[in-house]
Number of protein chains: 2
Amino acid sequence: MLDQLSQKFAALADPTRRAMLTRLSKGQASVSEVAKPFLKRMSMPAVTKHMKVLERAGLVTKTKDAQRRLCDLNPDGFKDTVAFLEKYRQLCEESLDRLGEYLESITNQSNQANRKKTDDRQ
Amino acid sequence: MLDQLSQKFAALADPTRRAMLTRLSKGQASVSEVAKPFLKRMSMPAVTKHMKVLERAGLVTKTKDAQRRLCDLNPDGFKDTVAFLEKYRQLCEESLDRLGEYLESITNQSNQANRKKTDDRQ
DNA sequence: GAGTTAATTAACCAGTAGGTTATATTGGCA
DNA sequence: TGCCAATATAACCTACTGGTTAATTAACTC
């Protein structure tokens with residue numbers, strides 16, 4: 001049995017499940033509503049399983065409504081993943097800064113050709 | 001073969017690999033330096049494999065130095081994972097706000113017992 | 001050139017993940 | 001009561017993961 005954080009990253013490591021989360025970020029939906037875009041590609045039980053993975057990871061909650069199960073994002077569920085990556089976001093920004101400095105350095109000693117290249121990159 | 005983003009989340013879904021990243025966030029290290037804390041628990045080839053997963057996911061780079069392989073974090077490699085979760089970070093903050101409001105509401109009608117409990121939680 | 005250190009590769013195994021089809025459960029409705 | 005819809009479970013299959021031990025490669029050192 002994996003720890004909670006590993007379960008969350010594992011849940012995120014599947015494009016189908018990420019697409020489901022994206023759908024839910026637009027609002028509550030039943031399992032079959034969430035399933036709709038995927039049913040050409042895979043069966044209903046496959047969708048049910050994916051939902052269960054998201055639920056057990058704590059990223060999604062379900063509530064009963066007659067036969068339907070209404071699914072919601074659990075925003076708190078993302079906190080520890082975000083917190084873990086926060087340490088590295090700092091590094092991202094630093095590396096962006098380094099890129100900025102680099103671009104600046106080649107701009108300072110710039111000629112037309114260099115400036116043209118930089119402009120193209122926008 | 002998984003897409004790049006799935007590979008990254010999959011790479012993050014293992015506590016050993018996350019620990020390796022944390023080690024590397026403190027600075028460059030050879031494979032065996034990174035391996036050291038894990039060699040009671042697992043063999044060297046296991047560590048090599050984990051490093052390869054991180055490398056193929058684009059989270060780590062390796063450079064040759066004689067027999068050694070020096071490993072570095074690749075900060076840019078974290079950008080798309082952070083970007084994906086950024087959408088949900090907003091929701092986190094909103095839910096933090098709700099928690100704040102809730103705590104405030106119970107504080108306003110507070111008694112000693114309530115305040116004591118909250119203090120313990122620090 | 002022989003030995004040593006650092007790291008990888010090969011071959012293998014058990015467990016898990018992601019899919020399938022078929023079956024069961026649960027609740028609204030005629 | 002009997003049927004339909006929404007969802008879940010069971011049983012199964014294949015492929016991948018994470019580990020093992022043994023062997024290999026590559027570069028330094030004496």
Side-chain angles (χ1 to χ4, degrees), chain A residues 1-21 23-24 27-72, chain B residues 1-24 27-73:
Chain A
M1 183 56 77
L2 285 178
D3 62 291
Q4 186 76 0
L5 185 53
S6 298
Q7 270 191 71
K8 284 175 189 181
F9 280 125
L12 290 165
D14 184 288
T16 303
R17 287 194 292 260
R18 288 197 304 276
M20 290 175 170
L21 291 175
R23 165 65 188 83
L24 289 179
Q28 189 184 60
S30 72
V31 175
S32 40
E33 279 163 3
V34 174
K36 188 159 294 172
F38 306 109
L39 291 181
K40 305 136 200 167
R41 254 185 286 156
M42 71 183 68
S43 67
M44 192 63 197
V47 172
T48 298
K49 280 192 181 181
H50 279 304
M51 282 300 313
K52 187 146 293 227
V53 171
L54 291 170
E55 203 183 358
R56 304 195 68 187
L59 299 175
V60 161
T61 57
K62 271 187 282 190
T63 53
K64 297 180 63 167
D65 171 47
Q67 309 102 312
R68 300 189 306 158
R69 297 292 175 278
L70 298 178
C71 308
D72 285 278
Chain B
M1 182 59 78
L2 285 177
D3 62 291
Q4 186 75 359
L5 186 53
S6 297
Q7 270 190 73
K8 284 175 187 179
F9 281 125
L12 291 165
D14 183 287
T16 303
R17 287 194 293 261
R18 287 198 305 276
M20 289 175 170
L21 292 175
T22 300
R23 165 63 188 84
L24 290 179
Q28 188 185 59
S30 71
V31 175
S32 39
E33 280 163 5
V34 173
K36 188 159 292 171
F38 308 108
L39 290 180
K40 305 135 201 167
R41 253 185 287 154
M42 71 183 67
S43 68
M44 191 61 196
V47 172
T48 298
K49 279 191 182 183
H50 279 305
M51 281 299 313
K52 188 146 294 230
V53 171
L54 291 170
E55 202 183 357
R56 303 195 68 188
L59 299 176
V60 162
T61 57
K62 270 187 284 188
T63 55
K64 296 180 65 167
D65 171 47
Q67 310 103 309
R68 299 188 309 158
R69 298 292 176 276
L70 297 178
C71 308
D72 285 278
L73 278 190

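The analysis underlying the following values was restricted to heavy atoms, covering all of them including side chains, and did not include hydrogens, waters or symmetry mates.
With rounding to whole Å, B/R56 atom CZ is found 12 Å from D/dC16 atom P. For B/R17 and D/dT17, the CZ to P distance is 9 Å, given to the nearest whole Å. The CE atom of B/M42 sits 9 Å away from the C1' atom of D/dG18 (whole-angstrom rounding). Nucleotide D/dC16 holds its P atom 14 Å from the CG atom of A/D14, rounded to whole Å. Rounded to whole Å, atom C1' of D/dT17 lies 16 Å from atom CG of B/L12. One interatomic measurement links the two molecules: NZ of B/K49 to P of D/dT17, which rounds to 10 Å at whole-angstrom precision. When rounded to the nearest whole Å, the span between CG of B/L54 and P of D/dG18 equals 10 Å. As a whole-Å value, the separation of A/R69 CZ from D/dA5 P is 17 Å.
A 4.0 Å heavy-atom criterion places the boundary nucleotides of DNA chain C facing chain A at C/dG18 to C/dG28, written 5' to 3'.
Among all heavy-atom pairs drawn from B/Q67 and B/R69, the shortest one is O-NH1, 3.2 Å. A pairwise comparison of heavy atoms in B/M44 and B/A35 identifies SD-CB, 3.9 Å as the closest pair. Looking at every heavy atom in both residues, A/R56 comes nearest to A/Q7 through O-OE1, 3.4 Å. Across B/A19 and B/F38, no two heavy atoms sit closer than the pair CB-CZ, 3.6 Å.
Residue B/T16 is out of contact with every strand shown, counting any heavy-atom pair closer than 4.0 Å. B/M44 comes within 4.0 angstrom of a base, heavy atoms only.
Taking only side-chain atoms of A/V31, from C-beta outward, the nucleotide of D/dA5, D/dA26, D/dT7 with the closest atom is D/dT7. Considering only the side chain of B/Q67, D/dC28 comes nearest among D/dC28, D/dA5, D/dA10.
Sequence order on DNA chain C of the closest nucleotides to A/A46 and B/T48 puts B/T48 first from the 5' end. Nearest-nucleotide mapping onto DNA chain C: of A/A66 and A/A10, the residue sitting toward the 5' end is A/A10.
Checked against side-chain contact (heavy atoms from CB on, under 4.5 Å), B/D72 has the following partners two or more places apart in sequence or in another chain: B/Q28, B/T61.
A close approach under 4.0 Å does occur between a side-chain nitrogen or oxygen of A/S32 and OP1 or OP2 of D/dT7.
Formation of a donor-acceptor pair under 3.5 Å by the B/R17 side chain with backbone atoms of B/A11 is found in this model.
Inspection of the B/S6 and A/R18 side chains reveals an N or O donor paired with an N or O acceptor under 3.5 Å.
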